[in-house]
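Here the structure is laid out as structure tokens; the discussion comes afterwards.
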Number of protein chains: 2
Amino acid sequence: MLFLLTRVNTLSLVHQQVPCMPTKRPTQADVARAAGVSRATVSYVVNGLANSQVSISRTTYQRVQAAITELEYHPDARAQSLRSGGATNTIGLLLPDMHNPFYWKIASGVEQEAQNAGFDLLLFSTSLNAEREEHTLRALARRQIDGLILNLTFPGRISEALKLLARRHNPVVILGKPVPNLDAVEVKPGYQEHAHEIMAHLFALGHRRIGFIYGLVNQEIDAGRLNAYREALQMFGLPMDETLVDRCGATLADGYRAAHRLLACKPRPTALISLNDLLAIGALRAIHEQGFTVPRDLSIVGFDNIDMAAYLHPPLTTVHYDANAVGHEAVKLILARLKEPERPVQVIQIPTHLMLRASTGPVLES
Amino acid sequence: MLFLLTRVNTLSLVHQQVPCMPTKRPTQADVARAAGVSRATVSYVVNGLANSQVSISRTTYQRVQAAITELEYHPDARAQSLRSGGATNTIGLLLPDMHNPFYWKIASGVEQEAQNAGFDLLLFSTSLNAEREEHTLRALARRQIDGLILNLTFPGRISEALKLLARRHNPVVILGKPVPNLDAVEVKPGYQEHAHEIMAHLFALGHRRIGFIYGLVNQEIDAGRLNAYREALQMFGLPMDETLVDRCGATLADGYRAAHRLLACKPRPTALISLNDLLAIGALRAIHEQGFTVPRDLSIVGFDNIDMAAYLHPPLTTVHYDANAVGHEAVKLILARLKEPERPVQVIQIPTHLMLRASTGPVLES
DNA sequence: TTGAAAGCGTTACCAG
DNA sequence: CTGGTAACGCTTTCAA
């Protein structure tokens, strides 16, 4: 056995070479020839039309089947869908970021529901890159997919996606802010109300200085969320202190650093609101490192209720949002439109609610 | 605006219907007609053969381009790959479980590397369902994908996947235990050594009663891992107490329940080894709930070093394994074999190492 | 009950 | 420089 070092970090073992037979993929014609029938007959057998439309003699049927298994024939999906002018049994999913558990859950929901309906999933992540998003949309246009589920980072492109695909009479579902004439599953609807609810909760616990971990994949886009909190602050007569808003990225590390910065503010905020749970997890680490105890010294609130939220120490107060359901509903919308193309546009909201857990508590009198 | 309640949990708004034009997708012929050229010419322009093989007059080129943008023509990928007899620019990824962050990191790595190489990702999760795994493999056989990355749950099927796809001269990469004649990225290689290393670490800290959270997606399959610990125990002269092995599922909740059960053992174990970080997170919650402090009262070790591991309270001692790199390397193997089909079979190992963090500490003298 | 033949939208070869 | 034309692998109508 020969050892070979391929790359700095990677040890690779090269086994003895086995010459693969360059076996050509068998075609319908090969099967027909092997079975001594015509190609049409093979098609009938494969598609199970044997019993309904056309009838095939028992013996021919078996001969064909035998040839199929013998040759390991599998029909070419490209040719099938090309010829029969339609379904590719594929739906596309475009997500902004694969690092946040929130999006995995959406993807997972989509995958499950799609599988159940017999569709395969083509997954793209734009990674916050506008060019890539555009490129992906273009790729999606050539590819014949039966439906597309979009969670765009750059809403400006929505019109393009719409043009490219919806016009082709292809079901498109938007995840996020609904767009005219397209089915949608609203992502995090009622953000406003929950911002208010969270604020009310913290206010009631005595919090007056509240920090924001405003970590977004793209700062420009979701400015609306901050406004929700601005308004909520106002309703409780609290001033908006911009130094308490930390604008950062959307990773664990961003949450960690943001919390460090916010904790350095004087006077120290007594509560932190984090745009999502992932950031909150990062923040929790920073808080613990500085020797603070949650919620005694500091309260923290997340958003999304990712699976881990309930398992953190302390369990995280957050807004529950069923990301899995988003995926399921999105696929259902696709299926519904596939079945009935002219149905009215539908927007689905997944209910959300505040989950009070142990990460929020009263302000310590001192 | 009309409100309609679609399902128990779901509020849906039905907007006014907008009659979509049933615009037929424009074909190459449509473009040719619009530009007043032949279909071949359109093909040349689209594929940029204009400069190399054939040359197209400036004016014709522009006329064609104009028609293309005018009609929003996008070549049909099915027809293209069918005719040019090959590349579909798609690679398939088959994963056992979409709920574990570990697999997501693999998927994320695959997605990135594939995108960079211009490939789209077809994602499947078998969800531990043997039928589904088989079904998926069959679907994959009809679909013409350029490469397949497999992390099988049921190794028995490997031979089938191999037959169906590798024989078609299609690059297949195995994630996990290498299989003869197939490229592979070993998943968690050196499990044995790390089991030993972990045990040595705990032993040195004075731990003698060590519990196992043996939470697997499929119990039968990975029995080998437990043996690694059995052997390690033996090497340190510790008896294997089967009551300290909790066989459970692979979710957060499984880890949580397992820890509760293990903590009820008398005498209580002083350390827990968890098959992965996810289970460890679940366990941590149980430990905290029972009022224990980690690592003072109890040590815990995970495996995988998922992103959150370093952010937990306390940060988790675990074995670092770069799941992202698994994805990247797997795609690189596909690409290499695509370029050079007869290259020797290669097995890649991603280096791992024990990450000592604060979740393990000495046994409290009492 | 089976087969011939006409495409589906594309590419690539060979004439003009 | 450009335009026929034959495939690619399949489905489906129409005849036999």
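Letters go in sequence order (proteins before strands), and every chain restarts at 1. Please read these numbers as outputs of a predicted model, since none were measured by experiment.
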Tell me, which pairs form a salt bridge (Lys or Arg N to Asp or Glu O under 4.0 Å) where one or both residues lie in residues 34-45 of chain A, sequence neighbours left out? none

Contact string for nucleotides 4-9 of chain C, one letter per nucleotide 5' to 3', B = base within protein heavy-atom range under 4.0 Å, S = sugar-phosphate only, - = neither, reads B-BBBB

Give, for atom CG of A:Asn116 and atom CZ of B:Arg132, the distance between the pair rounded to the nearest 0.5 Å. 5.0 Å

What residues in residues 62-69 of chain B put a non-hydrogen atom under 4.0 Å from any atom of DNA chain D? none

Worked check of side-chain contact (heavy atoms from CB on, under 4.5 Å) between B:Val173 and B:Glu329: CA-CA 10 Å; B:Val173 171; B:Glu329 294 302 324; over 6 Å; no

Once side-chain hydrogen bond (donor to acceptor under 3.5 Å, both in side chains) is applied, do any residues pair with A:Gln115, and if so which ones, sequence neighbours excluded? A:Glu111

How long is the line joining CZ of B:Arg142 and C1' of D:dC10, in whole Å? 13 Å

Expressed in angstrom and rounded to an integer, what is the separation of A:Asp30 atom CG from D:dC10 atom C1'? 13 Å

side-chain contact (heavy atoms from CB on, under 4.5 Å) evaluation trace for A:Leu121 with A:Val110: CA-CA 8 Å; A:Leu121 176 64; A:Val110 168; 3.7 Å; yes

Can you check whether A:Ser43 has a side-chain N or O nearer than 4.0 Å to OP1 or OP2 of D:dC10? no

In dot-bracket notation, what is the pairing pattern of DNA chain D, taking Watson-Crick (N1-N3 plus N6-O4 or O6-N4) and G-U wobble (N1-O2 and O6-N3) contacts under 3.5 Å, with [ ] crossing and | for other strands? ||||||||||||||||

Under 4.0 angstrom, heavy atoms only, what part of the nucleic acid is B:Thr60 near: base, sugar-phosphate, or nothing? sugar-phosphate

Determine, step by step, whether B:Phe119 and B:Leu338 satisfy the side-chain contact (heavy atoms from CB on, under 4.5 Å) criterion, reporting the C-alpha distance in whole Å, the side-chain angles of both residues, the deciding distance to 0.1 Å, and the verdict. CA-CA 12 Å; B:Phe119 287 82; B:Leu338 238 24; 3.8 Å; yes

List the atom pairs, donor and acceptor, that lie under 3.5 Å between side-chain atoms in residues 27-34 of chain B and the rest of the protein, sequence neighbours left out.
| residue | atom | partner | partner atom | Å |
| --- | --- | --- | --- | --- |
| B:Thr27 | OG1 | B:Ala29 | N | 2.8 |
| B:Asp30 | OD1 | B:Arg33 | NH1 | 3.2 |
| B:Asp30 | OD2 | B:Thr27 | N | 2.8 |

Give a yes-or-no answer on whether the side chains of [X] and [Y] include a donor-acceptor pair shorter than 3.5 Å.
X        : Y        : answer
B:Arg25  : A:Gln144 : yes
A:Arg143 : B:Thr90  : yes
B:Arg78  : A:Ser81  : yes

